[in-house]
Amino acid sequence: MNVADTDRMELILFHSGYRRTQEKEEADLILVNTCSIREKAEQKTFSLFGGLKPLKATNPDLILGLTGCMGQQDGEKMLKRMPFLDFVLGPDQVEGIGKAVNRVRESDKPFVWTGFDSEKIYSIPEISEDLPQKPGPSAFVNIIKGCDKFCTFCIVPFTRGREKSREPEELHQEIRHLIKHGAREIILLGQNVNSYGKRGLNNSIPFHELLYGIAEISGLQRLRFTTSHPNDFTRETIRAYRDLDVLVNHLHLPIQSGNNEILKTMRRDHTVEEYLELIDELKSEVPDVSLTTDIIVGFPGETEAQFQDTLKVMERVGYSSSFMFSYSPRPGTPANEMLDSVPEDVKKRRLQEIIQLQNRLTEEQGKSYQGKTVEVLIEGSSSRPGYSFKGRNPQYWRVNAKGNEGSYKPGDIVKVNVEQTSGHGLSGVIQ
Ligand code: SAH
Ligand code: SF4
């Protein structure tokens, strides 16, 4: 989501005359679009700013802005801690980036803009045909912002506000525009995409209907979405996987924990059994579907036996890859009031254990692709020596492919014979 927000800010600034530079020493404006999902993300931001501060001494006209969730959470504190900042902008103020930069030019006083947008409907107006860069073959499209779930560990509902969806017509228009400029795959984005259209829209349709509608757009070759919440993931969406050729056979469905007690204290509002029922139904409709997930270890009160339940679920589902995290207390969240009872070294060990298990699961699945042919959307040049192209198969495995460099270009879909696997990657030769 931050990548999509950054692209949007770049587009707005492009139309105010800014151009991207690769060298920070050359920049007139530096924005750091921050994340506060875990403490580690925040620490990275502070050390990054430590490196940027000296640039202000050599270039006093340099504008330095902090955008994103850290600003939303702690705007004034950020200014106090880093007085060299010119402004702080929250994630709901992305559209105001041009105005914010102008204001810095007019006045020397640092400021914080972190109000939530008061419109009922979420809209990202089209700016112009003129783009700072061509979209790649795979492009993000925000369909819903915010989150109403309030999982007890999570800061997102506080930093990104309540759920708001974009009108289907606006989404169709944006997707047609992206395809016209070279996109072949669209990734629909939201904290909880399955909640799309629940309220507020003039033309209210549920998520699965949005999928059926988008699938009709001419030139679209692949459709993905992320992230889903198990509670809002409907049977109709499972049918969409079966019915729609463009909807790829991959689902990212966070489980967080394999234990019902922990899921309850996390306020995920579903059981492990309900989750598995969904997965089994999807697997029976779409046998070659690949599944990925998010997992947190060391949540307050997590016992060794409860942690073992998570390992069991991972094995039972057979995830092809997972985002795995050690619990990080977030200020203002309900879990922050609970005793952070799992010692750091135990959290670390549990994290290592699930990473090892995931590596094994990934390796086993990788082997099952060996000798087979996979369909790859070429996204660009490969950095792996001996390979010309990189891309992904429908199940979201990274693929490096050998082939005649002049014969293919980004956006092409090719068939690759898989010869080797390593980690969550496949490599082979274009047929
Ligand atoms: N909306 C998505 C997830 C957004 S955050 C969803 O509900 O699935 C991405 C992931 O970060 C979460 O799924 C969770 O696994 C992890 N995460 C969020 N808050 C965390 C915290 N306080 N400590 C550790 N991991 C966290
Ligand atoms: Fe956070 Fe839960 Fe919302 Fe995901 S669904 S963004 S984990 S509160």
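For ligands, and for the atoms within them, numbers begin at 1 and follow the listed sequence. All of these numbers come straight from a predicted model, not from anything done at the bench. Side chains are part of it too, since the values below use all heavy atoms of this structure and drop only hydrogens, waters and symmetry mates.
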- Under 4.0 Å from ligand 1, counting heavy atoms only, is it the side chain of Ile296, its backbone, both or neither? side chain
- Message: Please report whether ligand 1 has a polar contact with Gln256, defined as an N or O pair separated by less than 3.5 Å (distance criterion only).
- Response: yes
- Distance col, row Gln133:CD vs His181:NE2, nearest 0.5 angstrom, shows 12.5 Å
- Determine whether more than 12 heavy atoms belonging to other residues, nucleotides or ligands lie under 6.0 Å from atom NZ of Lys390. no
- Could a heavy atom of Ser326 be found less than 4.0 Å from some atom of ligand 1? yes
- Item | Cationic N near anionic O, under 4.0 Å, Glu302 to Lys347 | no
- Task: Report the member of Gln191, His229, Arg160 with the shortest heavy-atom distance to atom 4 (C) of ligand 1.
- Result: Gln191
- For atom 6 (C) of ligand 1, what is the nearest protein heavy atom, given as residue, atom name and distance? Thr227 CG2, 3.8 Å
- Query: Using 4.0 Å as the upper bound for N to carboxylate O, is an ion pair formed by Asp345 and Lys348?
  - Reply: no
- Query: So, Asp269 and Lys264, do they make that salt bridge, N to O below 4.0 Å?
  - Reply: no
- Item | Contact partition for Ser328 relative to ligand 1, non-hydrogen atoms under 4.0 Å | both
- For ligand 1, which atoms, with element, lie under 4.0 Å from some heavy atom of Pro254? 8 (O)
- Message: I need the contact type for Arg38 against ligand 1. Using non-hydrogen atoms and a strict under-4.0 Å cut-off, is it side chain, backbone, both or neither?
- Response: side chain
- Task: For Arg330, counting its heavy atoms only, list the atoms of ligand 1 lying under 4.0 Å from any of them.
- Result: 22 (N)
- Using a strict 4.0 Å threshold on nitrogen-to-oxygen distance, state whether Glu281 and Arg239 make a salt bridge. yes
- Task: Specify whether His250 and Tyr396 have parallel, tilted or perpendicular ring planes, treating 30° as the upper limit for parallel and 60° as the lower limit for perpendicular.
- Result: parallel
- Donor-acceptor under 3.5 Å (Asp92 side chain, Thr114 main chain): no
- Task: With heavy atoms of Asp294 as the reference, note each atom of ligand 1 found under 4.0 Å away.
- Result: 9 (C), 10 (C), 12 (C), 13 (O), 15 (O)
- Message: Under 2.8 Å from atom 2 (Fe) of ligand 2, which protein N, O or S atoms do you find? Ignore water molecules.
- Response: Cys151 SG
- How far is atom 5 (S) of ligand 1 from its nearest protein heavy atom, and which residue and atom name does that atom have? Ile37 CD1, 3.5 Å
- Message: I'd like to know if Arg184 and Glu379 make a salt bridge, using a cut-off of under 4.0 Å between side-chain N and carboxylate O.
- Response: no
- Can Asn192 be said to touch ligand 1, with heavy atoms closer than 4.0 Å? no
- Message: Can you confirm, on distance only, whether ligand 1 has an N/O atom lying under 3.5 Å from any N/O atom belonging to Phe153?
- Response: yes
- Message: I'd like to know if Glu163 and Lys149 make a salt bridge, using a cut-off of under 4.0 Å between side-chain N and carboxylate O.
- Response: no
- Is ligand 1 less than 4.0 angstrom away from at least one heavy atom of Arg268? yes
- Item | Greater than 12 external heavy atoms within 6.0 Å of Phe323's CZ | no
- Query: Ignoring hydrogens and geometry, is there a side-chain-to-backbone donor-acceptor pair from Glu167 to Ser123 under 3.5 Å?
  - Reply: no
- Query: Can we say Lys56 and Asp86 salt-bridge, meaning some charged N sits less than 4.0 Å from an Asp/Glu carboxylate O?
  - Reply: yes
